[in-house]
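Here the structure is laid out as structure tokens; the discussion comes afterwards.
One-based numbering along the sequence shown.
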Amino acid sequence: MSKIFYETAAIDYANAAPHIGHVYEKIICDFLARFHRLDGYETNFVTGTDEHGEKIARAAKNAGQEPQAFVDYVSEQLFQPAYRRLLISYDDYIRTTSERHKRFVQEILRKVYEAGDIYYAEYEGLYSVGSERFVTEKELVNGILPGDSEPPIRRKEANYFFRMEKYRPWLVEYLHEHPELIQPQAYRNEVLEILKEPIGDLSISRPKDRVPWGIPIPWDEHHVTYVWFDALLAYASSLASRGLFEKYWPHAWHVIGKDILKPHAIFWPTMLKSAGLPIYKRLVVHGHILAMDGRKMGKSLGNAIDPLALLDKFGVDAVHYALLRDTTLGSDSPFGEEVVVQRLNSDLANDLGNLLSRVRTMLLKYTGGKIPAPSAPDSEIAKAGVALAEKVRKEVDALRIHLALEEVLQYVRSLNKFVNDAKPWELARDESRRPELEDALYTAVEGLRIASVLLEPALPTKARELRAALGLGDYTIAQTETWGLAPAGTPIPQEAPILFPKLEVGELKSEGPKPKAAPSSEPNAANGQISIDEFAKVDFRVAEVVKAEKHPKADKLLVLTLNVGDHTRQVVSGIARDYTPESLVGKKLVLVANLKPAVLRGVESQGMILAGENAEGKIVVVTPEQDLPPGAKVR
């Protein structure tokens with residue numbers, strides 16, 4: 001039986017250029033589509049543009065254009081080129097002004113009308129122009145619908161209504177029978193809370209004399225279709241117009257932002273039920289991208305990120321990886337250039353790229369530039385490699401993409417450790433240990449093959465580039481579950497570009513010339529020496545770890561709660577590679593107590609603990625030789 005995966009990203013409202021929120025959602029969808037393709041699923045991924053409605057007509061008028069010309073420009077010159085540059089691998093791009101979509105919308109309208117679920121009535125209430133729907137007082141916060149910039153207006157008009165309230169009991173029952181329908185679960189709970197009270201019927205038309213820009217109601221030329229009833233059907237019209245509805249629709253996943261939860265979780269399933277169509281399989285809800293200080297992004301706030309400028313600066317793979325690795329899908333996540341730089345330098349350059357470079361160098365030096373004979377599949381590193389795909393599958397299915405990527409990076413780090421421990425450079429000096437040398441190098445190559453395949457959904461070009469640097473081609477995820485598929489004797493290219501050039505901090509932002517420092521009065525300032533008076537300013541204290549936990553946003557950092565005698569304080573430390581949180585509790589450390597507090601990846605650090613690096617490269621914290629009480633001054 002074939003495996004099938006159908007996925008949609010929310011179609012974008014065509015009234016302005018794409019922003020980082022659009023890009024984030026499409027990268028999530030691109031990851032899921034690529035992952036399922038690699039895992040043997042017949043996959044279809046759809047996105048597009050929502051091009052009707054009152055706001056579009058207003059934006060077109062402000063731009064001095066007819067609505068069709070305006071949306072043609074926004075869709076064809078702004079959104080689609082941006083997604084091509086981002087390598088978003090959609091299979092179809094549906095536009096709601098296309099004839100194929102209009103025909104489908106009118107067909108569904110007739111079905112729902114003939115089922116007796118549409119009636120004509122006059123209604124007066126609060127109307128949100130921003131969301132293009134009537135709202136209730138309960139939905140407003142300080143008089144404004146969240147996400148809108150203006151308060152709703154009072155409007156009275158006669159429209160066609162969909163009997164949505166009729167389906168409320170059914171929807172409640174369906175959500176209880178299908179607890180996996182809306183994910184993460186918090187959003188399902190939010191929808192069930194809304195459904196505890198009447199939801200009313202949905203106005204699905206607008207008078208044509210007020211809003212002429214829309215799909216005509218098939219039985220009444222004086223009305224056009226409400227934009228949400230029109231736009232939601234794009235997910236189905238794309239398939240229906242290509243003859244793929246029956247094959248793919250039962251497997252549909254919709255990926256949306258939390259701000260459009262209600263239309264997708266309430267309007268959409270009740271519409272489908274009335275039209276006699278199956279309900280989608282899963283609604284995946286993601287949070288917003290915030291500025292690094294936790295504030296909402298916006299041009300007016302001066303903290304908006306231009307997604308295309310990110311591509312120019314860091315490249316498509318680093319942007320994909322950082323957005324996926326440093327966000328938790330259901331939550332709002334701070335994001336900025338600093339995040340991309342940190343992930344590029346640590347995970348991609350230091351861990352992955354450096355390993356590839358080392359392995360290539362040793363293959364060229366010790367095996368004539370050819371992949372040696374396969375190593376044994378029963379080693380611990382080999383067993384971990386073939387077991388990796390299943391771990392990643394579980395995290396992806398649970399929508400913990402950031403943890404799926406971390407599973408692979410942990411394996412990459414274990415490969416680095418394996419190479420360090422095996423010391424191929426020493427094995428190469430002893431011909432009798434040639435089999436051990438070749439075994440170690442093959443293990444590194446095969447491990448990189450496996451890791452690159454599982455990283456490919458997040459690194460759409462660099463994963464293949466990595467394999468090409470080892471003389472390898474494409475593989476499926478199933479082929480990562482067998483050890484030894486890198487063919488022995490395969491020659492590797494003599495030259496290969498650096499996979500991820502490390503970005504120096506100074507390259508992050510181009511700044512104007514710095515003012516020259518004033519001449520120092522200290523004679524030793526030029527050679528980095530400090531005086532005894534300067535050293536005396538540093539306050540070293542003994543601190544006992546009372547609590548330790550992983551940093552929520554950085555896998556190499558730990559958050560420590562320290563007892564410093566007369567108080568406790570929080571310190572963030574980059575020692576997670578060599579210390580587990582449990583191993584630190586009760587340990588006494590040396591703290592720089594008067595260091596100015598700093599925020600590290602969103603968590604405040606009130607000082608710094610002292611640590612060094614031993615000959616094997618392991619981080620070792622500094623501890624008092626004899627027992628000293630917390631808070632004791634270290635001189």
Side-chain angles (χ1 to χ4, degrees), residues 9-23 25-26 46-86 88 90 92-106 127-133 147-150 152-153 155 157 159 203-218 221-235 237-238 241 257 259-260 263 297-300 304-309 311:
I11 60 172
D12 302 310
Y13 204 60
N15 65 337
H19 53 66
I20 193 68
H22 295 116
V23 167
E25 179 174 286
K26 301 310 178 287
V46 170
T47 190
T49 34
D50 176 4
E51 302 179 4
H52 288 126
E54 190 173 354
K55 279 198 300 184
I56 296 282
R58 184 186 299 176
K61 184 178 180 180
N62 291 340
Q65 293 181 286
E66 290 298 314
Q68 187 65 59
F70 178 77
V71 296
D72 284 348
Y73 171 77
V74 173
S75 178
E76 296 170 9
Q77 302 301 319
L78 299 181
F79 277 95
Q80 292 182 59
Y83 294 155
R84 283 194 291 270
R85 283 194 61 194
L86 281 156
I88 304 302
Y90 52 79
D92 187 32
Y93 194 91
I94 184 77
R95 296 180 58 186
T96 60
T97 55
S98 64
E99 289 303 317
R100 60 175 175 148
H101 176 72
K102 292 177 186 177
R103 286 194 296 271
F104 186 80
V105 169
Q106 292 189 322
Y127 185 81
S128 161
V129 177
S131 296
E132 300 202 49
R133 67 179 177 88
D148 283 2
S149 58
E150 300 174 350
I153 59 175
R155 179 173 284 177
E157 63 185 20
N159 290 319
S203 172
I204 63 158
S205 75
R206 299 292 181 264
K208 195 170 184 179
D209 58 2
R210 184 175 68 78
V211 185
W213 185 240
I215 299 175
I217 294 291
E221 63 181 10
H222 300 296
H223 281 257
V224 297
T225 309
Y226 167 51
V227 67
W228 271 113
F229 202 99
D230 162 5
L232 289 165
L233 285 165
Y235 304 137
S237 71
S238 168
S241 63
D259 53 326
I260 52 175
M297 281 190 189
K299 289 183 179 179
S300 61
I305 294 176
D306 179 353
L308 298 184
L311 288 185

Search all heavy atoms of [X] against all heavy atoms of [Y] and return the closest pair with its distance.
{"X": "Val211", "Y": "Gly53", "value": "CG1-C, 4.2 Å"}
{"X": "Tyr235", "Y": "Ala9", "value": "CE2-O, 3.7 Å"}
{"X": "Val23", "Y": "Pro307", "value": "CG2-CB, 3.5 Å"}
{"X": "Ala17", "Y": "Phe79", "value": "C-CZ, 4.2 Å"}
{"X": "Pro218", "Y": "Gln106", "value": "CG-O, 3.9 Å"}
{"X": "Ala234", "Y": "Thr96", "value": "CB-CG2, 4.3 Å"}

Quiz prompt | Sole residue of Ile260, Val227, Thr49 in side-chain contact (heavy atoms from CB on, under 4.5 Å) with Tyr13 | solution = Val227
Can you tell me how far [atom2] of [Y] sits from [atom1] of [X], rounded to the nearest 0.5 angstrom?
{"X": "His22", "Y": "Ile11", "atom1": "NE2", "atom2": "CD1", "value": "11.0 Å"}
{"X": "Phe229", "Y": "Arg206", "atom1": "CZ", "atom2": "CZ", "value": "12.5 Å"}
{"X": "Thr225", "Y": "Ile204", "atom1": "OG1", "atom2": "CD1", "value": "7.0 Å"}
{"X": "Ser205", "Y": "Asp230", "atom1": "OG", "atom2": "CG", "value": "12.5 Å"}
{"X": "Lys26", "Y": "Ile88", "atom1": "NZ", "atom2": "CD1", "value": "8.5 Å"}
{"X": "Asp12", "Y": "Glu51", "atom1": "CG", "atom2": "CD", "value": "10.5 Å"}

Quiz item: Asp92: what forms a salt bridge (charged side-chain N to carboxylate O under 4.0 Å, His left out) with it, not counting sequence neighbours?
Solution: Arg100, Arg242
Practice problem: Return the set of residues passing salt bridge (charged side-chain N to carboxylate O under 4.0 Å, His left out) with Arg210 (not counting sequence neighbours), or none when no residue passes. | Solution: Glu54, Glu157
Quiz item: Heavy-atom count around Gln65 CD within 6.0 Å, excluding the residue itself: above 12?
Solution: yes
Self-check item: Lys208 atom NZ: more than 12 heavy-atom contacts under 6.0 Å
Solution: no
Quiz prompt | Residue from Arg103, Lys102, His101 passing side-chain hydrogen bond (donor to acceptor under 3.5 Å, both in side chains) with Ser237 | solution = His101
Do [X] and [Y] come close enough that some side-chain heavy atom pair is under 4.5 Å?
{"X": "Val224", "Y": "Pro212", "value": "no"}
{"X": "His222", "Y": "Pro207", "value": "no"}
{"X": "Arg95", "Y": "Asp72", "value": "yes"}
{"X": "Leu311", "Y": "Leu86", "value": "yes"}
{"X": "Leu308", "Y": "Arg85", "value": "yes"}

Quiz item: Would you call the rings of Tyr93 and Tyr83 parallel, tilted or perpendicular if under 30° counts as parallel and over 60° as perpendicular?
Solution: tilted
